[in-house]
Amino acid sequence: MNEVSASAPKKRMLSGIKPSGDLTLGSYLGAIRNWKGREEEFECFYFMADLHTITVRQNPADLRRRSLEQLAQYIACGLDPEKNVLFFQSHVHQHAELGWVLNCYAMFGELSRMTQFKDKSAKNADNINGGLFTYPALMAADILLYQADLVPVGDDQKQHVELTRDIAKRFNGIYGDVFKMPEPYIPKVGARIMSLVNPEAKMSKSEDEDPGRVTLMDKPEDIMRLFKRAVTDSESCVRFDTENKKGISNLMSIYSAATGLSLEQIENDFVGKGYGDFKKAVGESVVELLRPIREEATRLLADKAYLQKVCAEGAQKASYVAEKTLRKVYKKVGFVAR
Ligand code: TYM
């Protein structure tokens, strides 16, 4: 993409990930995998949601390192910076500005009902800050600034996209058609990858929270070890049953997503075979899925100048589009023109 035009006929796709930990198999299957190859149909905007990370305390040096790694991993996952706008949220000041405005159109009651707020405040009881609470208003700004049509996310972010729609509807109801109504796009397979050590909990980017996470940069031997130790059950039958066989069902979803095999085919292929064979097959499929990503990300990370150039160009393109929306919003609410 050489030039982003606000009046482009293409629809827009937008999504982001917080660099709050290392990207995982969950981040890839639930989100990034569905971002790529869409450039023919959509103008694509993908960002590192760094503003969102500080709702939980971060080590500054780690945050900086992980943020750049995330950019390299986006590219390594197949997002060509010539065809997709890749940028850091903090480089496009319009996010914070529209975030503030939308804070004033997001209701206390609806923010209080957000599952992520409830989870995160339980986990960070000593730091339940205002940002953690108003986070969905910033996320609404991220989406609405670009007049996005489609927002590809995992299952856990659906509630936030729905709130974004409610905020947009409220704002449009007062001021006329300012925002486009975005739709969430949740994949059929891989929308909620669970931890390999605790199949009751979502696979998380943070190692402290999830020792059963597979990251995009894990080496093959580490991946095989994690799958070998994956929690299953005592039945020894590869069958999809998310109620009674959460561990096996999670491994089946991962295997299906990695190989393209249907759940039924997987069940048939493993009739009479033990869990050992199955876990090995799943591990190997993930090793092959992630190998090219790890290798390419490692190569890109050695070229910091290139990454700087990509994110500078991305921020410029993103800012151009974002500013149009922000200006319109400021005018509608009654601010004096600059
Ligand atoms: P975050 O950073 O928690 O997760 C990034 C994306 O990965 C998906 N995901 C998963 N999918 C399947 N299984 C898992 N275990 C798993 N873990 C994460 C998430 O659903 C998400 O799609 N608030 C967002 C970031 C954000 C954003 C936005 C997204 C900020 N602004 C605007 C879309 C549009 C977040 O915390 O995602």
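Computed over heavy atoms, backbone and side chain alike; hydrogens, waters and symmetry mates excluded. Whatever order the structure lists ligands and atoms in, that order sets their numbers, starting from 1.
- Below 30°, between 30° and 60°, or above 60°: for Tyr74 and Trp35 the angle between ring planes is above 60°, a perpendicular geometry.
- Below 30°, between 30° and 60°, or above 60°: for Tyr146 and Phe87 the angle between ring planes is between 30° and 60°, a tilted geometry.
- Contacts between Lys205 and ligand 1 below 4.0 angstrom, taking non-hydrogen atoms only, involve the side chain exclusively.
- Looking at atom 5 (C) of ligand 1, its nearest protein heavy atom turns out to be Ile17 CG1, 3.5 Å.
- Using a 4.0 Å cut-off between heavy atoms, Ser20 makes no contact with ligand 1 at all.
- In summary, Lys83 and Glu40 do not engage in a salt bridge, as defined by a charged side-chain N under 4.0 Å from a carboxylate O.
- Every atom of ligand 1 is numbered from 1 in the order shown, and the set under 4.0 Å from a heavy atom of Gly190 is 12 (C).
- Listed by number with element, the atoms of ligand 1 under 4.0 Å from a non-hydrogen atom of Met203 are 15 (N), 17 (N).
- A salt bridge between Lys245 and Asp233 is present, with a side-chain N of the basic residue lying under 4.0 Å from a carboxylate O of the acidic one.
- The heavy atom nearest to atom 21 (C) of ligand 1, considering only Arg33, Lys18, Lys158, Gln157, is found in Gln157.
- Contacts between Tyr46 and ligand 1, counted as non-hydrogen atom pairs separated by less than 4.0 Å, are absent for every part of the residue.
- When only interatomic distances are considered, the shortest N/O to N/O separation between Gly16 and ligand 1 does not fall below 3.5 Å.
- Each of Trp100, Phe171, Phe179 was compared with Tyr105 under the ring pair (Phe, Tyr, Trp, His ring centres under 6.0 Å) criterion, and only Phe171 meets it.
- In the displayed structure, Lys158 atom NZ is contacted under 6.0 Å by at most 12 heavy atoms of other residues, nucleotides or ligands.
- Under the 3.5 Å distance criterion, with hydrogens and angles disregarded, a donor-acceptor pair is assigned to the side chains of Ser20 and Lys205.
- Ranking the protein heavy atoms by distance from atom 22 (O) of ligand 1 puts Gly154 N, 3.0 Å first.
- The local environment of CD1 in Ile54 is sparse, with at most 12 non-hydrogen atoms from other residues, nucleotides or ligands closer than 6.0 Å.
- For Phe47 and His95, the gap between ring centers is short of 6.0 Å.
- Classification of Arg299 and Glu295 as a salt-bridged pair fails, no side-chain N sitting under 4.0 Å from a carboxylate O.
- In terms of N/O distances under 3.5 Å, ligand 1 is approached by Tyr135.
- Nearest non-hydrogen protein atom to atom 10 (C) of ligand 1 is Gly26 O, 3.4 Å.
- The N/O atoms of Asp142, backbone and side chain alike, include one that comes under 3.5 Å of an N/O atom in ligand 1.
- Checking Val153, Asp156, Leu14 against atom 20 (O) of ligand 1, the nearest heavy atom belongs to Asp156.
- With a 4.0 Å cut-off on non-hydrogen atoms, His52 touches ligand 1 through its side chain and not its backbone.
- Contacts with ligand 1 closer than 4.0 Å are made by no heavy atom of Val161, backbone or side chain.
- When only non-hydrogen protein atoms are considered, atom 7 (O) of ligand 1 lies nearest to Ala31 CB, 3.7 Å.
- Polar contact check, Ile193 against ligand 1: a nitrogen or oxygen pair lies under 3.5 Å apart.
- Close contacts of ligand 1 with Val151, meaning ligand atoms under 4.0 Å from a residue heavy atom, involve 33 (C), 34 (C).
- More than 12 heavy atoms of other residues, nucleotides or ligands shown are found within 6.0 angstrom of CZ on Arg225.
- Atom 18 (C) of ligand 1 has Lys202 NZ, 4.1 Å as its closest protein atom, hydrogens excluded (heavy atom only).
- Salt-bridge formation is not detected for the pair Glu69/Arg66: no Lys NZ or Arg NE/NH1/NH2 atom is positioned less than 4.0 Å from an Asp or Glu carboxylate oxygen.
- For the pair Glu209 and Lys123, the salt-bridge criterion is met [side-chain N within less than 4.0 Å of a carboxylate O].
- A heavy-atom distance below 4.5 Å is not found between the side chains of Met13 and Phe45.
- Residue contacts with ligand 1, taken as heavy atom pairs separated by less than 4.0 Å, involve Arg192 solely via the backbone atoms N, CA, C and O.
- Residue-ligand proximity, Ala191 to ligand 1, at heavy-atom distances under 4.0 Å covers atoms 11 (N), 12 (C), 13 (N).
- No heavy atom of Leu29 sits closer than 4.0 Å to any atom of ligand 1.
- Residue-to-ligand polar distances keep Ala49 apart from ligand 1: every N/O pair is separated by 3.5 Å or more.
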